[in-house]
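Throughout, a chain's letter reflects where its sequence line sits, starting with A, and its residues are numbered from 1.
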Amino acid sequence: MAKWLVKSEPSECGIDDFVEASSTVIPWDGVRNYQARNYLAQMREGDEVFLYHSSCQAIGIAGIVRVVRGAYPDPSQFDPESPYFDAKSHRDKPRWQAVDLTLVRQLPRLIPLHELKGLPGLENLPLVRKGSRLSVMPVTEDEWQLTLRLEG
DNA sequence: GCCAACGTTGGC
DNA sequence: GCCAACGTTGGC
């Protein structure tokens, strides 16, 4: 099973939304960056994902979610009413992908970004690299385990 | 294909 | 609100 990290503004979709929708599925759509899209396309059912809160009061990893449906064409790209509408994408060759996620668990405490930055072994994680804007990224097994040591 | 201008992300 | 870093756009 691969491991991943996704960023989201909690005002849009955060751990609270997953907790409220517990045992329900939340579509992860609206990713409009090619590098992030390429990683999204590699997600498989059963993969686990860190949910990271960005651009908010408490920045950091808030919980763990799981892929329940691997990549499929993001419907919002075809919806003119959607802010994620992409007029240049065509149904016979969709440009953007989405996955479905569900809650595994909320972490007992949010692991703040500054702790991740100071953690030896995470140097290669795009999240902690200055200026990185990647919103979907792979996490190695080592990085995953090291990060989880910071919880609780 | 180059690159300047512009828009967005996201921490601080 | 600021601004650095980065991605995208579009003229040439």
Trainee: Can you sort out which residues in residues 48-60 of chain A have a heavy atom within less than 4.0 Å of DNA chain B? Ascending by number, please.
Mentor: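 Result for residues 48-60 of chain A: A:Tyr52, A:Ser54, A:Ser55, A:Ile59, sorted by number.
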Trainee: Without decimals, in angstroms, what is the distance between A:Leu134 CG and C:dA4 C1'?
Mentor: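 In whole Å, C:dA4 C1' lies 17 Å from A:Leu134 CG.
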Trainee: Side chains of A:Ile26 and A:Phe18: does their closest heavy-atom pair fall under 4.5 Å?
Mentor: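 Result yes, sub-4.5 Å side-chain heavy-atom pair found.
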Trainee: With under 30° as parallel and over 60° as perpendicular, where do the rings of A:Trp144 and A:Phe50 fit, or are they tilted in between?
Mentor: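 Plane angle under 30°, so parallel.
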Trainee: Hey, can you pull the residues of residues 112-120 of chain A with a non-hydrogen atom under 4.0 angstrom from DNA chain B?
Mentor: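 Under 4.0 Å from DNA chain B: A:Leu113, A:Lys117.
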Trainee: Let me see the working for A:Ser89 and A:Gln77 under side-chain hydrogen bond (donor to acceptor under 3.5 Å, both in side chains), right down to the final yes or no.
Mentor: CA-CA 7 Å; A:Ser89 184; A:Gln77 70 195 304; 2.7 Å; yes
Trainee: Please determine whether a side-chain nitrogen or oxygen atom of A:Lys7 lies at a distance below 4.0 Å from atom OP1 or OP2 of B:dT9.
Mentor: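 Answer is no, no contact under 4.0 Å.
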Trainee: Under 6.0 Å from the six-membered ring centre of A:Tyr72 and within 45° of its axis: does the NZ or CZ of A:Arg69 meet both?
Mentor: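 Ring-cation test returns yes.
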Trainee: So which heavy atom on A:Val136 is nearest to which on A:Val31, and how close?
Mentor: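 Of all heavy-atom pairs spanning A:Val136 and A:Val31, the closest is CG2-CG2, 4.3 Å.
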Trainee: Please pick, from C:dT8, B:dG10, C:dA5, the nucleotide with the shortest atom-to-atom distance to any side-chain atom of A:Tyr34.
Mentor: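 So the nucleotide nearest the side chain must be C:dT8.
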Trainee: Determine whether A:Glu123 and A:Lys117 satisfy the following criterion, salt bridge (Lys or Arg N to Asp or Glu O under 4.0 Å), listing intermediate values before the conclusion.
Mentor: CA-CA 8 Å; A:Glu123 297 85 356; A:Lys117 282 182 171 173; over 6 Å; no
Trainee: Could you walk me through whether A:Ser76 and A:Arg32 satisfy the side-chain hydrogen bond (donor to acceptor under 3.5 Å, both in side chains) test, starting with their C-alpha distance in whole Å, then the side-chain angles of each, then the deciding distance to 0.1 Å, before giving a yes or no?
Mentor: CA-CA 11 Å; A:Ser76 67; A:Arg32 293 295 180 267; 3.0 Å; yes
Trainee: Can you name the closest pair of heavy atoms from A:Ala2 and A:Asp47 and give their distance?
Mentor: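 Nearest pair, atom of A:Ala2 first, then A:Asp47: N-OD1, 3.1 Å.
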Trainee: Can the ring centroids of A:Tyr34 and A:Trp96 be said to lie less than 6.0 angstrom from one another?
Mentor: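 Yes - the distance between ring centres of A:Tyr34 and A:Trp96 falls below the 6.0 Å cut-off.
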Trainee: Just how far, in rounded Å, is C1' of C:dT9 from CG of A:Asn33?
Mentor: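 Rounded to the whole Å, the gap is 15 Å.
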Trainee: Once you round it to whole Å, what is the distance between P of C:dT8 and CZ of A:Arg95?
Mentor: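 Computing the A:Arg95:CZ to C:dT8:P distance gives 10 Å.
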Trainee: Between residues 76-91 of chain A and DNA chain B, which residues have a heavy-atom gap below 4.0 Å?
Mentor: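 Of all residues in residues 76-91 of chain A, none places a heavy atom under 4.0 Å from DNA chain B.
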Trainee: Check this for me: does any side-chain nitrogen of one of A:Glu115 and A:Arg149 sit under 4.0 Å from a carboxylate oxygen of the other?
Mentor: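 A:Arg149 and A:Glu115: not salt-bridged.
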Trainee: In whole angstroms, how far is the C1' atom of B:dT8 from the CZ atom of A:Arg32?
Mentor: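 Distance check: A:Arg32 CZ to B:dT8 C1' gives 15 Å.
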Trainee: Would you kindly give the CD-to-P distance between A:Glu9 and B:dT8, to the nearest whole Å?
Mentor: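 So the CD-P distance, A:Glu9 to B:dT8, works out to 13 Å.
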Trainee: Applying salt bridge (Lys or Arg N to Asp or Glu O under 4.0 Å) to A:Lys3 and A:Asp142, what does each step give before you reach the verdict?
Mentor: CA-CA 10 Å; A:Lys3 304 276 201 291; A:Asp142 285 348; over 6 Å; no
Trainee: Rounded to whole Å, how long is the line connecting atom CD of A:Glu12 with atom P of B:dT8?
Mentor: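 Going from CD in A:Glu12 over to P in B:dT8 covers 14 Å.
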